[in-house]
Amino acid sequence: MIAYPEIQKRVQQEMDSVVGRDRLPRATVKRTRQLDGEEVPRGLSDKDKLPFTSAVLLEIQRIVSTNPLGIPHSCGDDTIIDGYYIPKGSVVVSNLWAVHHDPDTCKNPDQFNPDRFLDKDRCLREREGLIPFSTGRRICIGENLAKMELYIFFTHLLHHFTFKKPHDSKSFSLKGVTGIQHSPGPFLIEVINRD
Ligand code: HEM
């Protein structure tokens, strides 16, 4: 967000207009509770009403690809995919980074553009080419927990604070450090209370 202050501002404007400043964005659709024998709804999730915020989170996951490669798996049987022969027992590693940066499915893949996840009516449109948690039978088991955490951390932090690059700090790179995970390099931030 310190690299894209105008995007940060749009997220905050969306949250301010949908959620307001008196409470934090809600994460889950809470079930009803019993009150004097009557079922009373407890507060619905705001997520569906925050399409731009959700699109920013999807675009961060796409462009960063925190897990650039899947976990190595072994091919269970002799297999042919798209004419490629993969013998039984081969170690197969999926390249999630390549999927996320494929110019055939993602226009200008190196450009940070959350709007690519919104349709003409500004509604969220998930894309098949976005697979940060991999795909198939061994897809990340923590996917739903992780999505919830990303949403809560991101919205709550931006609801409370604005993040900026300190004006006298060195320029920073978005290239990151690649290992098993793709992590950010060092950078300084200035945190400004919004209230
Ligand atoms: C943004 C956060 C996360 C990302 C991007 C992520 C991504 C991934 C990816 C790409 C895989 C490899 C899937 C494959 O083998 O094809 C994986 C596997 C796995 N993840 Fe995550 N993960 C995240 C958070 C979590 C969390 C919060 C948990 C646990 C609470 C978790 C637990 C696991 C486990 C247990 C596996 C191995 C699954 C298996 O081999 O059957 N992950 N994750």
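We count ligands from 1, going down the list as the structure has it; atoms in each ligand are counted the same way.
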With His159 as reference, evaluate Gln12, Arg23, Arg21 under the side-chain contact (heavy atoms from CB on, under 4.5 Å) test and give the passing residue.
-> Arg21

Does Lys47 count as lying over the ring of Tyr151, i.e. NZ or CZ under 6.0 Å from the six-ring centre, within 45 degrees of the axis?
-> yes

Answer yes or no: is there a side-chain heavy-atom contact under 4.5 Å between Thr162 and Met1?
-> no

Where do Glu14 and Thr53 land on the side-chain hydrogen bond (donor to acceptor under 3.5 Å, both in side chains) test, with the steps shown first?
-> CA-CA 7 Å; Glu14 185 180 63; Thr53 304; 2.6 Å; yes

Can you tell me if CG on Leu145 sees more than 12 non-hydrogen neighbours from other groups inside 6.0 Å?
-> yes

Does atom NZ of Lys165 have more than 12 heavy-atom neighbours from other groups under 6.0 Å away?
-> yes

Close residues, ligand 1: non-hydrogen atom nearer than 4.0 Å = Thr66, Asn67, Ile71, His73, Leu96, Pro132, Phe133, Ser134, Arg138, Cys140, Ile141, Gly142, Leu145, Ala146

